[in-house]
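Data first, discussion second: the structure below is written as structure tokens.
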Amino acid sequence: PAWRAAGGGGLNLGITAWHGWDLSKAWRATVSGSVDRKLFDTDLRPDETELGLRLDFSRKGRKSTLTFGPRFALLFQDGDKVRRQAGLGGRAIWRLGPRTALTFSGEWLEQSFPGSPHRDGHKATGSLGLSWMLSPQTMLTLGLPFEREKAQADHLSHRDLGLAVGLQTRLDGGLRLGLDLSVSGNRYDGPYPLFGVARKDEVSSLRLSISHPRIGWRGVMPEFSITRKHQDSNIPLH
């Protein structure tokens with residue numbers, strides 16, 4: 001029971017710098033670097049620092065936009081390097097009409113974990129989405145996210161399939177509201193240690209966000225959000 005009931009506070013700080021240049025009338029390249037720092041007031045979670053580097057090539061057409069390029073990231077916990085990722089990612093947008101757009105995003109990353117070779121492998125993520133402007137103030141989004149992670153240990157290898165629905169609207173006074181609902185089923189390849197069966201999770205989350213353009217500074221607009229997440233698993237530890 002002590003493992004299940006825990007709480008604390010956290011602070012997440014991040015900065016990203018980028019530079020872009022035109023390769024031609026249709027193509028543009030952008031290189032960017034980022035640093036993210038997560039601090040926690042409890043020993044239950046270690047402090048984290050993540051360094052990221054990416055190069056994107058983008059082509060914008062009359063009805064479509066394509067972006068792709070390499071990615072690289074390092075993750076440190078309490079000063080020790082715990083994960084390295086390198087791979088490719090991309091995003092494509094097709095405008096089906098004046099109010100609708102179809103999007104696809106994907107990423108493939110090779111992963112290595114110093115000190116934990118049983119976690120080494122790769123991860124592929126992606127999402128197919130549809131956005132629809134119901135009115136000039138309201139947008140509806142539908143998404144089909146998926147993830148496949150393969151590790152040396154079969155009980156850590158999994159495939160996740162989900163459904164996401166989002167609604168964003170702007171009221172007459174400028175207040176912006178967002179409501180996002182997602183559900184997913186996660187299936188693992190090998191039997192969980194000591195349990196003899198493969199892990200199966202059912203995850204759902206509901207998120208409400210509120211923001212206002214008048215509450216901001218130099219283009220930075222804060223957002224308040226609250227998220228409720230529920231997870232069922234056939235493994236009691238999860």
Side-chain angles (χ1 to χ4, degrees), residues 1-12 14 36-50 52 73-85 87 89 105-129 142-166 178-209 225-238:
W3 294 0
R4 303 185 185 183
L11 178 65
N12 186 4
D36 288 280
R37 177 71 170 159
K38 294 181 180 180
L39 304 174
F40 300 98
D41 66 351
T42 170
D43 293 335
L44 297 174
R45 294 192 63 177
D47 294 342
E48 293 185 354
T49 301
E50 185 167 14
L74 290 174
L75 178 65
F76 299 85
Q77 291 182 343
D78 288 338
D80 298 325
K81 184 170 67 173
V82 297
R83 188 186 68 197
R84 181 186 66 85
Q85 294 177 320
S105 60
E107 195 170 60
W108 186 91
L109 297 171
E110 190 75 19
Q111 301 187 125
S112 64
F113 296 82
S116 303
H118 62 284
R119 300 181 65 185
D120 291 352
H122 63 268
K123 180 170 71 172
T125 60
S127 180
L128 179 65
L142 301 175
L144 298 173
F146 65 88
E147 179 176 312
R148 171 59 172 162
E149 185 170 5
K150 182 66 176 177
Q152 295 291 334
D154 285 342
H155 75 279
L156 297 177
S157 301
H158 61 97
R159 53 177 59 86
D160 309 342
L161 294 175
L163 172 65
V165 181
L179 185 65
D180 296 279
L181 172 66
S182 67
V183 294
S184 67
N186 310 336
R187 301 293 180 261
Y188 288 74
D189 293 356
Y192 200 90
L194 303 181
F195 285 87
V197 296
R199 177 180 164 189
K200 297 180 180 179
D201 295 348
E202 305 294 337
V203 184
S204 61
S205 68
L206 179 65
R207 179 178 184 268
L208 174 66
S209 61
S225 67
I226 183 170
T227 302
R228 171 67 176 175
K229 180 180 178 181
H230 181 77
Q231 176 169 315
D232 282 326
S233 179
N234 63 336
I235 304 299
L237 296 177
H238 299 281

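Please read these numbers as outputs of a predicted model, since none were measured by experiment.
- Rounded to the nearest 0.5 Å, atoms CG (Asp80) and OG1 (Thr49) are 11.0 Å apart.
- Heavy-atom minimum distance, Ser127 versus Phe146: N-CE2, 4.0 Å.
- Look at Lys200 and Asp232 and you find no salt bridge, because none of the NZ, NE, NH1 or NH2 atoms lies under 4.0 Å from a carboxylate O.
- Note: Tyr192 and His238 have perpendicular aromatic rings, judged against thresholds of 30 and 60 degrees for the angle between ring planes.
- Heavy-atom contacts from other residues, nucleotides or ligands closer than 6.0 Å to CD1 of Ile226 number 12 or fewer.
- With a 6.0 Å radius and a threshold of 12 heavy atoms from other residues, nucleotides or ligands, Lys123 has its NZ atom above the threshold.
- The 12-atom threshold is exceeded at CG of Asn12, counting heavy atoms of other residues, nucleotides or ligands nearer than 6.0 Å.
- Nearest approach of Ser157 to Arg148, heavy atoms of both residues: C-NH1, 4.1 Å.
- No side-chain heavy atom of Glu110 sits less than 4.5 Å from a side-chain heavy atom of Asp120.
- Taking each heavy atom of Ser204 and Val183 in turn, the nearest pair found is CB-CG1, 3.9 Å.
- Between the side chain of Asn234 and the backbone N or O of Ala198 there is at least one donor-acceptor pair closer than 3.5 Å.
- Distance CG/Leu161 to CG/Leu144: 9.0 Å, rounded to 0.5 Å.
- Partner of Gln111 under the side-chain hydrogen bond (donor to acceptor under 3.5 Å, both in side chains) criterion, chosen from Arg84, Glu149, Arg119, Arg83: Glu149.
- In this structure, Pro145 and Ala164 approach most closely via the heavy-atom pair CD-N, 4.3 Å.
- Taken to the nearest 0.5 Å, the CZ atom of Phe113 stands 12.5 Å off from the NZ atom of Lys81.
- For Pro46 against Asp78, the heavy-atom pair with the smallest separation is CB-OD2, 3.5 Å.
- Side chains of Leu206 and Leu179 form a contact here, defined as non-hydrogen atoms less than 4.5 Å apart.
- Between atom CD of residue Gln231 and atom CD of residue Glu202 there is a gap of 9.5 Å, rounded to the nearest 0.5 Å.
- Using modelled atom types and a 3.5 Å distance limit, the side chains of Asp201 and Ser233 yield a donor-acceptor pair.
- Between the side chain of Asp47 and the main chain of Phe40, a donor-acceptor pair closer than 3.5 Å is present.
- Electrostatic pairing of Arg45 and Asp41 does not count as a salt bridge here, judged by no charged N lying under 4.0 Å from a carboxylate O.
- To the nearest 0.5 Å, atom CG of residue Asp36 and atom CD of residue Glu50 are 6.5 Å apart.
- Distance CD/Glu147 to CG/Asp160: 5.0 Å, rounded to 0.5 Å.
- Under the 3.5 Å distance criterion, with hydrogens and angles disregarded, no donor-acceptor pair is assigned to the side chains of Gln152 and His118.
- Looking at Ser182 and Ser205, their side chains do bring a donor and an acceptor atom within 3.5 Å of each other.
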